[in-house]
Amino acid sequence: MTTVRERVIERFRDLYGRSPELVVRAPGRVNLLGAHVDYNEGWVLPGAIDRAIWLAGARGSRPLLRAASLELGSGGAVPLDRVPGPPGEGRAPAGWIDYAAGVAWALAGAGLAVAPLDAVIGSELPAGAGVSSSAALEVAFLLAWREIGGLALDDLAAARLGRRVENEYLGVQSGIMDQFASLHGGRDSVVFLDCRTLEWERLPMPPGVAVLVADSGVRRRLVDGPLNDRRGECVAALEHLREASPELGALRDVTPAMLEAAVTLPDVLRRRVRHVVEECARVRRGADLLRGRCDAGALGELVRDSHRSSRDLYQVSSPELDTLAEAAWSAPGCHGARLVGAGFGGCVAALVDEAAQGEVADAITRAFGARFGREPRFLDCRFGAGAGLA
Ligand code: GLA
């Protein structure tokens with residue numbers, strides 16, 4: 001069977017009549033803990049996974065980006081001497097190529113030269129499923145342009161630009177977690193990141209534990225969608241809490257006592273803040289456990305609590321995701337499971353003993369099938385290396 005890497009190279013040769021100069025691999029991510037806290041300047045614990053977007057590329061001859069996708073077909077050409085502005089502002093969205101156009105726009109906005117580029121991409125990541133295929137796509141183009149143009153752009157600056165593409169070009173009010181994890185992941189480890197200071201460290205996962213990702217098949221758009229609504233609620237809650245505590249920088253600074261004292265805070269906003277406060281504590285506890293070489297059981301408890309809080313307090317789960325998570329929780333060999341990414345649809349990730357992966361998947365399939373009359377798809381993955389030339 002040919003690999004996606006081989007297929008992007010082959011398609012590049014067919015399309016452009018020469019060999020690519022480079023191949024970039026940009027992985028997706030699973031966030032083990034830290035749901036919806038990155039844009040509240042909290043702490044997160046994601047890892048890059050060993051499934052990625054691959055890009056074969058070479059310098060082009062005219063000031064154009066020409067790009068095609070193995071799965072989604074031609075993206076057409078983007079003029080690099082006048083990169084189109086954000087979709088919605090006088091033009092209709094152009095599909096997946098907007099992610100690449102957004103990267104060109106962000107690079108140019110940062111004063112960096114955007115070299116002519118011919119590219120083919122191919123994906124091992126389901127799109128819109130919560131495993132960060134969009135961040136991976138942005139990172140793939142960021143690294144391709146960095147290499148081809150010899151740009152002075154370190155991985156942190158690249159992650160920041162990727163987030164800018166989401167926030168300012170595509171209109172998704174996400175945080176920095178996804179791009180950061182795609183760039184900084186390491187084999188069998190997760191990244192503990194402080195989203196305010198951007199200090200980070202890599203922490204090893206307990207040995208013998210795999211990550212089983214179950215995909216509900218439900219897709220939700222994030223533009224104009226619930227992620228932006230939640231972000232708006234967090235802004236409103238922060239403004240309210242600042243009336244009593246003007247020094248508050250972000251929801252990550254809220255203490256349980258402050259929350260208790262805010263008696264006029266509307267109930268929905270109180271739930272959102274409680275989730276953020278408790279999730280931040282869970283992430284830091286999880287990092288302590290991993291530093292102490294914990295077993296998977298203790299970590300799994302936190303992962304379950306994170307799902308419950310995402311379901312009941314932040315309210316970003318769905319019947320499909322709850323069914324997947326609960327079926328995993330009761331399967332022998334599974335330590336914990338939670339929804340990944342923004343939620344609402346997409347995937348649940350379960351921490352499972354390597355030897356039990358098949359049985360856990362069977363248990364999930366039975367429970368999901370009994371309720372929804374169809375089967376979930378599975379990605380069995382490991383935490384793996386961050387993005388780079390490959
Ligand atoms: C999406 C966003 C991230 C993060 C998660 C929720 O994946 O892109 O920045 O906010 O949702 O934790």
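Just so you know, these numbers come straight off a predicted model, no measurement behind them. Read the numbers this way: they start at 1 and go in the same order the structure lists the ligands and their atoms.
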Basic-acidic side-chain contact under 4.0 Å: Glu354, Arg382: yes
For ligand 1, which part of Leu227 has a heavy atom less than 4.0 Å away: the side chain, the backbone, both, or neither? side chain
How does Arg29 reach ligand 1, by side chain, by backbone, by both or by neither, if only non-hydrogen atoms under 4.0 Å count? side chain
Over 60° means perpendicular and under 30° means parallel, so classify the ring planes of Phe368 and Phe372, tilted if in between. tilted
Could you tell me which atoms of ligand 1, counted from 1 in the order shown, lie closer than 4.0 angstrom to a heavy atom of Gly34? 12 (O)
I need the atoms of ligand 1 closer than 4.0 Å to a non-hydrogen atom of His36, numbered in the order shown. 6 (C), 12 (O)
Show which side-chain atoms of residues 65-83 pair as donor or acceptor with protein atoms under 3.5 Å away, not counting sequence neighbours.
residue	atom	partner	partner atom	Å
Arg66	NE	Asp118	OD1	2.9
Arg66	NH2	Asp118	OD1	3.4
Arg66	NH2	Asp118	OD2	2.9
Ser69	OG	Glu71	N	3.1
Ser69	OG	Leu72	N	2.7
Glu71	OE1	Ser123	N	3.3
Glu71	OE2	Ser123	N	3.0
Ser74	OG	Gly76	N	3.0

Using a strict 4.0 Å cut-off to heavy atoms of Tyr39, name the atoms of ligand 1 that fall inside it. 10 (O)
Please identify which atoms of ligand 1 are closer than 4.0 Å to at least one heavy atom of Ala35. 12 (O)
If you count the non-hydrogen atoms of other residues, nucleotides and ligands that lie under 6.0 Å from CZ in Arg274, is the total more than 12? no
Just which atoms of ligand 1 are under 4.0 Å from any heavy atom in Ser174? 2 (C), 8 (O), 9 (O)
Any salt bridge linking Arg272 with Glu233? Criterion: basic side-chain nitrogen under 4.0 Å from a carboxylate oxygen. yes
